[in-house]
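Written below as structure tokens is the structure these notes are about.
Everything quoted here is computed from the prediction, not taken from an experiment.
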Amino acid sequence: VQLQASGGGLVEPGGSLRLSCVASGSILNSYAIGWFRRTPEKEREVLSCISTSDGSTYFADSVKGRFTISRDNVKNTLYLQMNSLKPEDTAVYLCAATPVSNGGHDYYSVPSSFDYWGQGTLVTVSS
């Protein structure tokens, strides 16, 4: 399983950005896949995850209402739409996958539940 995140860059506070994560094969049909971010203060923070068993989505409180997760199974791509960005959203954003497709919120809220990780993309929110 290979994952590659892209779409990061510099954006002003209040702005928007959409990240993409291209996955190898057709894992989006059977794996749960999520977005995380890494800062000097937090090694890995779970942001959002989408489960393939029923399409359920999970969001961390810090991004709920501002970030949206979606997937395109044909393109094998996961997206993270980020709106109303704040300086504290500055981080390296990563995507990760787990073959456990029905883990539930508690399971997906733990980064170590995810087995496959892609290289990150840097998002900088600054004026």
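Within the 4.5 Å cutoff, the side chain of L78 has heavy atoms near those of the I50 side chain. Considering only heavy atoms from C-beta on, C49 stays 4.5 Å or farther from F59 through its side chain. In this structure the side chain of S51 reaches within 4.5 angstrom of the side chain of Y58, judged on heavy atoms. Under the 4.5 Å side-chain criterion, counting only non-hydrogen atoms from C-beta, W35 is in contact with I69. A 4.5 Å side-chain heavy-atom check between R18 and M82 finds every atom pair outside the cut-off. No side-chain heavy atom of L3 sits less than 4.5 Å from a side-chain heavy atom of W117. Considering only heavy atoms from C-beta on, Y116 comes within 4.5 Å of P99 through its side chain.
For the 3.5 Å distance criterion, the side chains of T77 and D72 fail to qualify, holding no donor opposite an acceptor.
Judged by distance alone, the side chain of R66 and the main-chain N or O of S84 form a donor-acceptor pair under 3.5 Å.
What you find for Q81 and S16 is that their closest heavy atoms are NE2-CB, 3.9 Å. Taking all atoms of both residues into account, the shortest heavy-atom contact from V63 to L47 is CG2-O, 3.6 Å. When all heavy atoms are compared, the tightest approach of C21 to I33 is SG-CD1, 4.4 Å. The shortest non-hydrogen separation linking L85 to V11 is CD1-CG1, 3.5 Å. The minimum heavy-atom distance linking Y108 with S101 is given by the pair OH-C, 3.0 Å. Listed here is the closest heavy atom pair of Y31 and A97: CD2-CB, 4.0 Å.
Judged by the 6.0 Å distance and 45° axis criteria, R44 is not positioned over the aromatic ring of F36.
With sequence neighbours left out, the salt bridge (charged side-chain N to carboxylate O under 4.0 Å, His left out) criterion links R37 to E45, D89. Not counting sequence neighbours, Y93 has no partner by the ring-ring contact (aromatic ring centres under 6.0 Å, His included) test.
Counted within 6.0 Å of CD on E88, heavy atoms from surrounding residues, nucleotides or ligands total more than 12; the atom is thus considered enclosed.
Cluster annotation: Y79 and L17 are assigned to distinct hydrophobic clusters (Ile/Leu/Val/Met/Phe/Trp/Tyr, side-chain heavy-atom contacts under 4.5 Å, transitive).
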Name the atoms and distances for all side-chain donor-acceptor pairs under 3.5 Å in residues 118-127, with sequence neighbours left out.
residue	atom	partner	partner atom	Å
T121	OG1	G8	N	3.0

